[in-house]
Every structure is written in C-alpha cells, then in structure tokens.
Asks: 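A single structure is presented below for examination.
In this text, all values refer to a predicted model and were calculated from it rather than measured experimentally.
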Amino acid sequence: YYSAVGSEEDSIGLSISRDGENFHKFGIVFPGGRAPEVVLKDGVIHMLFQKYIDDHYETFLATSRNGIKWEMVQEEPVLSPGEPGSWNSFDVCTARVRESGGVYYMLYAGSPNLCDVPNYFGLARSTDLVNWEHHPGNPMFGTAAAGEPDAGAIWFPELFDCDGFFAMLYEATHSKFHDGVTSQLCQASIEK
C-alpha cells in the first residue's frame with residue numbers, strides 16, 4: 001500500500017508482487033487517504049491512514065477482508081490533535097504500528113503549529129486499534145538542533161527490536177521549509 005499524491009485527491013494505492021521484487025500496480029483502493037499502515041488483527045486487515053481535515057491531518061481506521069474493498073470502522077478519527085498548546089495540538093500524521101502480546105503500539109508524528117511538518121514522535125497503545133492510550137511521557141522523541149540532518153521535520157517512525165537495543169528509522173529534513181529541501185533516512189537508538 002502506498003500514498004498516491006499528485007494533482008488529484010490524495011489516495012491510497014495498491015501494488016502486488018508474487019516474488020517481493022517485481023510489483024505491478026493494482027490501482028487506487030482508498031480515495032482520500034495517505035500514509036497507510038496495515039495491520040492484520042483477528043483475520044481482518046486493518047489500515048490506519050491520515051486524512052486532511054480542514055487545515056491539518058488526523059488518523060482514521062478502515063478494515064478489509066480482501067485488501068481491496070475497504071470500510072471505515074467509524075466516522076471519527078482514532079487519533080486527533082492534542083490539547084491546545086501541546087506538542088501535537090495542530091497535526092498528527094504518519095502512524096506506524098507494531099503488535100506485542102496482543103497489544104498494539106503506535107508511534108506517530110505531531111506538530112504544535114504546522115501541517116505535515118511534525119517536530120515530535122509520540123507513543124500510544126491499544127488492544128482494539130480504535131481506542132488509544134497515550135504515553136504520559138509524550139513526546140518520546142523530537143527534532144534535533146539547527147544544522148543537524150533531522151532539525152526540520154520528522155515522519156514515519158519505524159521501530160526495530162535489536163540485540164540489546166531498539167533502533168528507530170525515520171524520514172527527516174534539515175529545514176522546516178520545503179523549497180529545495182530533500183528528505184533523508186535517519187536512525188536513533190536506545191539501549192534496552
């Protein structure tokens with residue numbers, strides 16, 4: 001699943017591969033969304049995705065039995081911006097989810113003042129993928145000091161459990177301004 005972003009409405013597309021190397025595009029399977037994260041729960045495919053609402057992103061949930069036809073779980077988002085003045089009070093986006101022992105853990109990006117230019121990562125957990133309990137120590141991670149490769153914005157936190165430490169890969173930019181800015185892959189780690 002991938003984001004189809006361009007001159008038309010944002011959409012989620014599907015590409016299929018039989019060997020993991022050669023993909024062919026099936027096409028758009030979910031109009032109006034982007035940044036899909038797919039999780040299998042109880043034999044049903046669950047997709048968290050962000051949707052542009054007014055002037056910011058919020059995270060929604062849809063389900064599918066075949067991976068092509070999707071139905072919204074509810075009309076309301078499962079993840080919305082936080083309280084006014086908080087680290088994620090304006091925008092929440094690019095959620096990534098991992099399961100451990102029947103509990104789903106979500107890392108997501110948030111911003112207090114700009115759309116799709118998040119400064120921080122937060123952590124939440126759920127057993128049903130609808131109701132999320134946010135970690136009281138949020139935000140868990142933030143952009144670096146000026147001049148660093150990840151000083152501008154950070155997205156798509158992917159956590160990996162390694163021997164003796166956790167590693168997180170994420171997309172980042174060195175500037176908040178998109179003119180001429182390219183993103184790169186960054187890594188952070190913490191000992192267990």
Asks: What are the two closest non-hydrogen atoms of Gly110 and Asn88, and how far apart are they?
Replies: CA-CB, 4.0 Å
Asks: Just verifying a value: how many Å separate Glu133 CD and Ser126 OG, rounded to the nearest 0.5 Å?
Replies: 9.5 Å
Asks: Look up atom CD in Glu8 and atom CD1 in Ile28, then write down how far apart they are to the nearest 0.5 Å.
Replies: 8.5 Å
Asks: Between Tyr52 and Arg34, is there a side-chain donor-acceptor contact under 3.5 Å, judged purely by atom types and distance?
Replies: no
Asks: For Phe141, which of Trp155, Trp87, Phe166, Tyr170 qualifies under ring pair (Phe, Tyr, Trp, His ring centres under 6.0 Å)?
Replies: Tyr170
Asks: Do you reckon Val103 sits in the same ILVMFWY cluster as Val38, going by side-chain contacts under 4.5 Å, direct or chained?
Replies: no
Asks: Would Leu159 and Val97 show up in the same hydrophobic cluster when neighbours are defined by side-chain heavy atoms closer than 4.5 Å?
Replies: no
Asks: With side chains defined as the heavy atoms from C-beta onward, is the minimum distance between Asp55 and Phe90 less than 4.5 Å?
Replies: yes
Asks: Does the side chain of Val78 reach to within under 4.5 Å of the side chain of Leu129, using non-hydrogen atoms?
Replies: no
Asks: Would you compute the distance between atom CD1 of Ile154 and atom CG of Asn119 and round it to the nearest 0.5 angstrom?
Replies: 7.5 Å
Asks: Applying the 4.5 Å side-chain criterion to the ILVMFWY set and letting contacts propagate, would Phe160 and Leu185 be lumped into a single cluster?
Replies: yes
Asks: Asp91 side chain to Tyr57 main-chain N or O, any donor-acceptor pair under 3.5 Å?
Replies: yes
Asks: Using modelled atom types and a 3.5 Å cut-off, is there a donor and acceptor pairing between side-chain atoms of Glu58 and backbone atoms of Lys51?
Replies: no
Asks: Any side-chain heavy-atom pair from Met168 and Leu107 closer than 4.5 angstrom?
Replies: yes
Asks: Answer yes or no: is there a donor N or O on one side and an acceptor on the other, between the side chain of His46 and the main chain of Val44, under 3.5 Å?
Replies: yes
Asks: Within a reach of under 6.0 Å around CD of Gln74, are more than 12 heavy atoms found that belong to other residues, nucleotides or ligands?
Replies: yes
Asks: Within this structure, what is the CG-CH2 distance for the pair Leu48 and Trp132, rounded to the nearest 0.5 Å?
Replies: 6.0 Å
Asks: Tell me, do Glu37 and Arg98 make a side-chain contact under 4.5 Å, heavy atoms counted?
Replies: yes
Asks: Can you find a pair of side-chain heavy atoms, one from Pro31 and one from Ser11, that are under 4.5 Å apart?
Replies: yes
Asks: When you measure from the side chain of Asn138 to the backbone of Leu123, do you find a donor-acceptor pair of N or O atoms at a distance under 3.5 Å?
Replies: yes
Asks: Between Ser3 and Ala35 (side chain of the first, backbone of the second, donor and acceptor by atom type, cut-off under 3.5 Å), is there such a pair?
Replies: yes
Asks: Should we say atom CG of Asp163 is surrounded by more than 12 heavy atoms from elsewhere, each under 6.0 Å from it?
Replies: no
Asks: Please confirm whether the backbone N or O of Leu169 pairs with a side-chain atom of Glu158, one donor and one acceptor, at under 3.5 Å?
Replies: no
Asks: Side-chain contact test, heavy atoms from C-beta onward, threshold under 4.5 Å: evaluate it for Gln50 versus Thr94 and give yes or no.
Replies: yes
Asks: What pair of heavy atoms forms the shortest contact from Ala153 to Val117, and how long is it?
Replies: CB-CG1, 3.7 Å
Asks: Do the side chains of Glu71 and Arg65 get close enough for a salt bridge, i.e. N-O under 4.0 angstrom?
Replies: no
Asks: Indicate yes or no for a side-chain donor-acceptor contact from Ser64 to the backbone of Lys69 under 3.5 Å, with no hydrogens or angles considered.
Replies: yes
Asks: Drop me the distance from His56's NE2 to Ser80's OG, to the nearest 0.5 angstrom.
Replies: 6.5 Å
Asks: Return yes if some donor-acceptor pair links the side-chain N/O of Ser89 with the main-chain N/O of Pro112 below 3.5 Å, else return no.
Replies: yes
Asks: Please report the interatomic distance CD(Glu99) to CG(Leu40), rounded to the nearest 0.5 Å.
Replies: 10.0 Å
Asks: Tell me which one of Phe26, Phe49, Trp70 satisfies ring pair (Phe, Tyr, Trp, His ring centres under 6.0 Å) with Tyr1.
Replies: Trp70
Asks: Within a strict 4.5 Å, meaning less than it, do heavy atoms of the Thr63 and Lys41 side chains meet?
Replies: no
Asks: Tell me whether Ser17 contacts the main-chain N or O of Asn22 through its side chain, where contact means a donor paired with an acceptor under 3.5 Å.
Replies: yes
Asks: Does a side chain donor of either His134 or Tyr108 reach within less than 3.5 Å of an acceptor in the other side chain?
Replies: yes
Asks: Is Met47 linked to Val29 within one hydrophobic cluster, defined over Ile, Leu, Val, Met, Phe, Trp and Tyr using a side-chain heavy-atom separation of less than 4.5 Å?
Replies: yes
Asks: Side chains of Met72 and Phe30: does their closest heavy-atom pair fall under 4.5 Å?
Replies: yes
Asks: Under 4.5 Å between side-chain heavy atoms, counting indirect links through other Ile/Leu/Val/Met/Phe/Trp/Tyr residues: same cluster for Tyr105 and Leu79 or not?
Replies: no
